[in-house]
A.B. asks: 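I have a structure I would like to understand better, so I am pasting it below and will then ask my questions one at a time.
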Number of protein chains: 2
Amino acid sequence: MDHHTRAPTKGLREGSPLKRRAILDAARVLFVAEGFERTSVDAVALRANVSKRTVYDYYGGKSTLLVRVVEEVGQALMDSIHLAIRAHLGDEASLTGSRELEAALIAFALQVASSTIESSDYAAFVKLVSTEGSHLTEMSGHSLADAPENAIAERLAYFAREGLLEVTNANRAADHFVALSFALVINNGGVFGKPSVPDTTETITEGVRAFFRAYSAR
Amino acid sequence: MDHHTRAPTKGLREGSPLKRRAILDAARVLFVAEGFERTSVDAVALRANVSKRTVYDYYGGKSTLLVRVVEEVGQALMDSIHLAIRAHLGDEASLTGSRELEAALIAFALQVASSTIESSDYAAFVKLVSTEGSHLTEMSGHSLADAPENAIAERLAYFAREGLLEVTNANRAADHFVALSFALVINNGGVFGKPSVPDTTETITEGVRAFFRAYSAR
DNA sequence: GTGACACTACACCGTGTAGTGTAATAAATA
DNA sequence: TATTTATTACACTACACGGTGTAGTGTCAC
């Protein structure tokens, strides 16, 4: 894993890793909870038990703080997905039958959902990115956007090659998979912000089942 | 800023319907394009060719303006959906075969998408609501949230009764329908804000096809 | 001690912006 | 024409917030 190693802005202080963490954590929580615009730098400093000046000395300003937060959470999501793929959808997995594959897909989606989405209001974070994303033109890791879906698409193509799925367009299939599982959990029950909060496990399970009905090789 | 929030119908001026429209239209366009926070009341007044004072005389303030905009667009969406349902999924429609139903579902989704979603960046509007929605606790018409999905669920249940679909939970099926069609168009290609902009028609068509594969009675 | 450094506390600036008060003016109405 | 009403133009308040400069304090190494 390559780290920054770069000088994005000048005259920043290195400081203690603990304070860096505290600031970044505070920023993430507040951005997610209140939104980027509504979160003041003072509030971040207060929550991190750090002076406002230190926030500016560590990170260059509010916008860079947002960039760092997005980078970090995006990376966490990607790691989580790759981990879950290795755990349930790897090449060596003995997914010989249709039932096994369905179960594996469900397990995969459940693991990703529980490890990242549910924790710390990941849902709100995605909204944050898609909303405040206009401030993120300078995202170093655009990999954030494509990587997850690409990874899933690659696996689906693999299972298609194995004769377990019927997939003509892997990327679209991946979009459908995400739409039926994670997306449903994130914006709860549809695009029109419903208030109902059904069981995440059930939502994911049924979503993946529907995906499987649509894409399994008969 | 924690003052009042209470003066919905008190001391407001009636004024001319034209100016009301102009103000509301300007607010809608700017809120959608720039976001609620980033839009100043001055900008709204400027765009509506009206003095800022008039904006405050007509509507009570910025937040009420947002509420009115959300109410209106939500209503437009609902009307559009009901219209499309009547046009393609009505009881009297001669949907005897499986192929006809699939085609009708596609036509329905395409009509809703083209009449509301594409026009005037409805996508951005949905994001606006889901983001600034915390300011909308006092939404008079909560019908905005439930109605669309409920209407779709009702139709799906009907087709299930007719033996054309296999649906155990109509509401969940409706969620899946929306997720595979409108939601995919709105947040383009997945939850992780992809930059790609494929054809809306193709996205909708393929999404509904996938839905049909998952829910058609074999 | 002395210096180098990290950090805080705090005052401060500039700016953007919600919201109000009011005088002047245009338009409708009597 | 006189009066009332709608609307504008504009000044003005209040305030939140991003960002900076700086004085002072604690800490550690030499």
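Convention: sequence-line order gives letters A, B, ...; per-chain numbering from 1.
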A.B. asks: What integer distance in Å separates A:Leu46:CG from C:dA9:C1'?
C.D. replies: 13 Å
A.B. asks: Any ion pair linking B:Asp175 and B:Arg172 (charged N to carboxylate O, less than 4.0 Å)?
C.D. replies: no
A.B. asks: What is the distance, to the nearest angstrom, from the CG atom on B:Asn49 to the C1' atom on D:dT7?
C.D. replies: 13 Å
A.B. asks: Run the side chain to side chain contact (heavy atoms under 4.5 Å, CB included) test against A:Ala170 and tell me which residues pass, sequence neighbours left out.
C.D. replies: A:Ala153, A:Ala157, A:Val167
A.B. asks: For A:Lys19, give me all partners under salt bridge (charged side-chain N to carboxylate O under 4.0 Å, His left out), at least two apart in sequence or on another chain.
C.D. replies: none
A.B. asks: Specify the separation, in whole Å, of atom CG of A:Leu18 and atom C1' of C:dC7.
C.D. replies: 14 Å
A.B. asks: Specify the separation, in whole Å, of atom NZ of A:Lys19 and atom C1' of C:dC7.
C.D. replies: 7 Å
A.B. asks: So does A:Thr54 get a side-chain nitrogen or oxygen closer than 4.0 Å to the phosphate oxygens (OP1/OP2) of C:dA9?
C.D. replies: no
A.B. asks: Rounded to whole angstroms, how far apart are CG on A:Leu30 and C1' on D:dC17?
C.D. replies: 15 Å
A.B. asks: Can you name the residues that form a side chain to side chain contact (heavy atoms under 4.5 Å, CB included) with A:Arg209, not counting sequence neighbours?
C.D. replies: A:Glu102, A:Ile106, A:Thr205, A:Glu206, A:Arg213
A.B. asks: What residues form a side chain to side chain contact (heavy atoms under 4.5 Å, CB included) with B:Lys62, not counting sequence neighbours?
C.D. replies: B:Phe36, B:Val41
A.B. asks: At less than 4.0 Å, is any side-chain N or O atom of A:Ser51 found next to OP1 or OP2 of C:dA9? Yes or no.
C.D. replies: no
A.B. asks: List for me each residue that meets side chain to side chain contact (heavy atoms under 4.5 Å, CB included) alongside A:Ala22, sequence neighbours excluded, and say none if there are none.
C.D. replies: A:Ala48
A.B. asks: Please confirm whether the shortest side-chain N or O distance from B:Tyr58 to OP1 or OP2 of D:dA6 is below 4.0 Å.
C.D. replies: no
A.B. asks: Would you mind building the protein contact string for nucleotides 18-26 of chain D? One character per nucleotide, 5' to 3', B for base within reach (heavy atoms under 4.0 Å), S for sugar-phosphate only, - for untouched.
C.D. replies: BBBBB----
